[in-house]
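Since the structure comes first, as structure tokens, the remarks are kept for the end.
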There are 2 protein chains.
Amino acid sequence: MTNVNKKQIRKVAEKAGVSVATVSRVLNNYPFVKDETRARVTDVIKKYNYSPSYFGRALSKKRSENICLVIPMNFSTDSQYFMDILRGMTEAIAVSSYNLLFPPVCSDEHFMQNVADKIDSAVFMAPPVNDKKISLLKEAGKPVVVINSRIEDAPRIDINNRKAVRKMMNYLIKLGHNKIGLIAGYLKSPNAAERLDEYKKTLYENNLQLKKEWVLNGDYETKKTYKKVRNLFSGGKEKPTALFACNDTMAISAIKALKDSKIRVPEDITVTGFDDIFIARYTSPSLTTIKQPFIDMGSKAVESAIALMNNKKLDSEEIILDTKLIVRQSSKEIK
Amino acid sequence: MTNVNKKQIRKVAEKAGVSVATVSRVLNNYPFVKDETRARVTDVIKKYNYSPSYFGRALSKKRSENICLVIPMNFSTDSQYFMDILRGMTEAIAVSSYNLLFPPVCSDEHFMQNVADKIDSAVFMAPPVNDKKISLLKEAGKPVVVINSRIEDAPRIDINNRKAVRKMMNYLIKLGHNKIGLIAGYLKSPNAAERLDEYKKTLYENNLQLKKEWVLNGDYETKKTYKKVRNLFSGGKEKPTALFACNDTMAISAIKALKDSKIRVPEDITVTGFDDIFIARYTSPSLTTIKQPFIDMGSKAVESAIALMNNKKLDSEEIILDTKLIVRQSSKEIK
DNA sequence: GCCATCCTTGAAACCGGTTACAAAAAAATC
DNA sequence: GATTTTTTTGTAACCGGTTTCAAGGATGGC
């Protein structure tokens, strides 16, 4: 009568007539196993369709093979670009034994107690500059990678925001616009602040006026943006001829506000976005925007995380990817 | 000289002057521990900021506390509604010790080898009717919940598609439309098929003509939809006065196609959608559509999964949530 | 005061792997 | 052929918890 409940690896060992150590060595591709022995063990493994227990392994190796994915607390459902990033991430782990772990929204202590243990590294999407979870994780020896933000001592996957803003501004100026407004993002995020700064710089360099009424604080929120745009375009104030929104959803919301104010886009005013989310090519008018390579960013972030958790050094602490100006219908030269 | 490397729980036990078993009992809220002992142990735990090792625990309990989230292989980045579902899911696990696990896209065997072990249950989003992973998981004793689909013996979170279609059709008919076209979804999905079927039924019941040229096979894809709509509205064929798209992105794409054909929405033709994705209220014109309660669906799915993995019985094998007709600008009564 | 019952605790086995160490076997050196 | 070196293997400890089982102590009934 065979013991059915025999711990798996011991059963394989028995059937193959070797010790559990040897089976383990075969499983881990340890080089000094005689070919003949290896073959025998492999056969048994195949025959019984054995695969090692994740937990047994993780416990002794102290490795989870999980990468944690942290998105900002206030991530709203309009963060459509997140789907692209996620796609890039899943591509980067395809066919690997790594998994992505989505933590619950919770306090920092809860996070450390219930998540930190389960992961080998983490990717943070656009975290605030002094995210406590990041420092706690690093204290615990878990590498962290950030996307679209900058955190001291954490590898960063990002775009060159200044260059991107400049591309758009130069394009608008070339179209003849000299009254350009900005719909800024959430200014506590370093990237949003940088975009605003570069907007100002470009205006200055081109001898264009910076009117602070034309800098709208959209905070990446559609509702807020809608209100501010309607407000700007009501009454007899002087109006810009182009509005550069720091993300696409704000641009779309702005267009809506303008239409509701009976102002035509692009005939009466040019509106441009930032991100190139999926829907940007299907809105009416379709959106002129700056494309961020989100899928790539997701892949690179995960690749970096994997390298770090395997104690490899990264070639570079910063991976800055290219952006691209995408011209569609929402922009037009000035008459 | 104290042994620093003492296994954690043993260290706590020693400091508290009890056995590891007792510490474990305290950790697991076992009732028959003397209050005084419990207090002593709790103090030590707090003092050393101890929290039990996830892997040690998982290994002996055979529980991972992870819920796997499977999205269809062909999920495209325009599946914006996924963000809402995800939000609902994270809400449902907030402050719990459960986590969401995102598997890599991979073969069924790979999935079983590298993911099945790590999870206690799984939620599948709109899986094809005979998804192999689902049956394998169930064989392995892991409960599965499906959203927006139907799989034998798996609890289902869904809407009443027939009712939803009927709501929209009745609305359109009340507006005076009697030439209504449908942009169907991916017909291998049971829900898409059901919507098509109910569309036909409603036409029949209202003595309206069913013209098969007016049933466009959009497959939930924007590009395909764009082409088919442009095609339908070129040449001298008879045209519908309303188009009912089975999701919002197809509706948005259809509107784009119509505009590019110089046909005005809603003045010349009514276009409606399905889902009520975030952007639907910001497109121009904003979209009349059927709201699916995605956030709710996500929460309910996770709640069901948690109940099942804790061996609780569900109140019901099917949770059918309400839909709502949202009237916006893209629909208009016929003159 | 004695016995049955219930509460409380600890020892040790168990979950299923990995790995340090040492010994045995094979190959290389002289 | 004896000695050294290199491969190959097994034993047993280890990772850090949970749980069964049995025993000791407290309580209640008579």
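Values below: every heavy atom of this structure, side chains too, minus hydrogens, waters and symmetry copies. Order of the sequence lines sets the chain letters (A, B, ...), proteins ahead of strands, with each chain counted from 1. All figures in this text were calculated on a predicted structure; none of them were measured in a lab.
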Notebook entry, point to check: Taking protein heavy atoms under 4.0 Å as touching, what does nucleotides 5-12 of chain C look like 5' to 3' if B marks base contact, S marks sugar-phosphate-only contact and - marks none?
Noted result: --SBBBB-
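The CG-P distance, from B:Asp117 to C:dC15, rounds to 15 Å in whole Å. When the C1' atom of D:dA12 is taken as reference, atom CD1 of A:Ile9 falls 14 Å away, rounded to whole Å. Note: NZ (B:Lys61) to P (C:dA13) measures 22 Å, nearest angstrom. Rounded to an integer number of Å, the gap from CG of B:Leu59 to P of D:dG16 is 12 Å. Following rounding to the nearest Å, A:Arg57 (CZ) and D:dG16 (C1') show an atom-to-atom distance of 18 Å. Taking atom CD of A:Glu36 as the reference point, atom C1' of D:dT7 lies 14 Å away to the nearest angstrom. As a whole-Å value, the separation of A:Arg63 CZ from C:dT19 P is 11 Å. As a whole-Å value, the separation of A:Lys11 NZ from C:dC15 P is 13 Å.
With sequence neighbours left out, the side-chain hydrogen bond (donor to acceptor under 3.5 Å, both in side chains) criterion links B:Asp43 to no other residue. With sequence neighbours excluded, no residue satisfies salt bridge (Lys or Arg N to Asp or Glu O under 4.0 Å) with B:Glu109. Take A:Glu139 and apply the salt bridge (Lys or Arg N to Asp or Glu O under 4.0 Å) test, not counting sequence neighbours, and it matches no residue. Judged as a ring-ring contact (aromatic ring centres under 6.0 Å, His included), and not counting sequence neighbours, B:Phe124 has no contacts. Take B:Arg156 and apply the side-chain hydrogen bond (donor to acceptor under 3.5 Å, both in side chains) test, not counting sequence neighbours, and it matches B:Asp158, B:Glu318.
Residue contacts for A:Ser24: at a heavy-atom cut-off of 4.0 Å it reaches a base atom on one of the strands shown.
Applying the 4.0 Å criterion to OP1 and OP2 of D:dT18, one finds that B:Lys62 has every side-chain N and O outside that range.
A donor-acceptor contact under 3.5 Å links the side chain of A:Arg10 to the base of C:dG17.
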Below 3.5 Å, can you tabulate the donor-acceptor pairs from side chains in residues 300-309 of chain A to any protein atom, sequence neighbours excluded?
unit_1: A:Ser304; atom_1: OG; unit_2: A:Lys300; atom_2: O; d: 2.9

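Taking the six-membered ring where the residue is Trp, A:Phe82 and A:Phe102 present perpendicular rings, their angle passing 60° and hence far from 30°.
Side-chain contact between A:Ile134 and A:Val70 is absent, with no heavy-atom pair separated by less than 4.5 Å.
For residues 51-69 of chain A, the set of pairs meeting the salt bridge (charged side-chain N to carboxylate O under 4.0 Å, His left out) definition, not counting sequence neighbours, comprises A:Arg63-A:Glu65, A:Arg63-A:Asp120.
For the helix from C:dG1-D:dC30 to C:dC30-D:dG1, the rotation axes defined at the first and last 5 base pairs enclose an angle of 30°, given to the nearest 10°.
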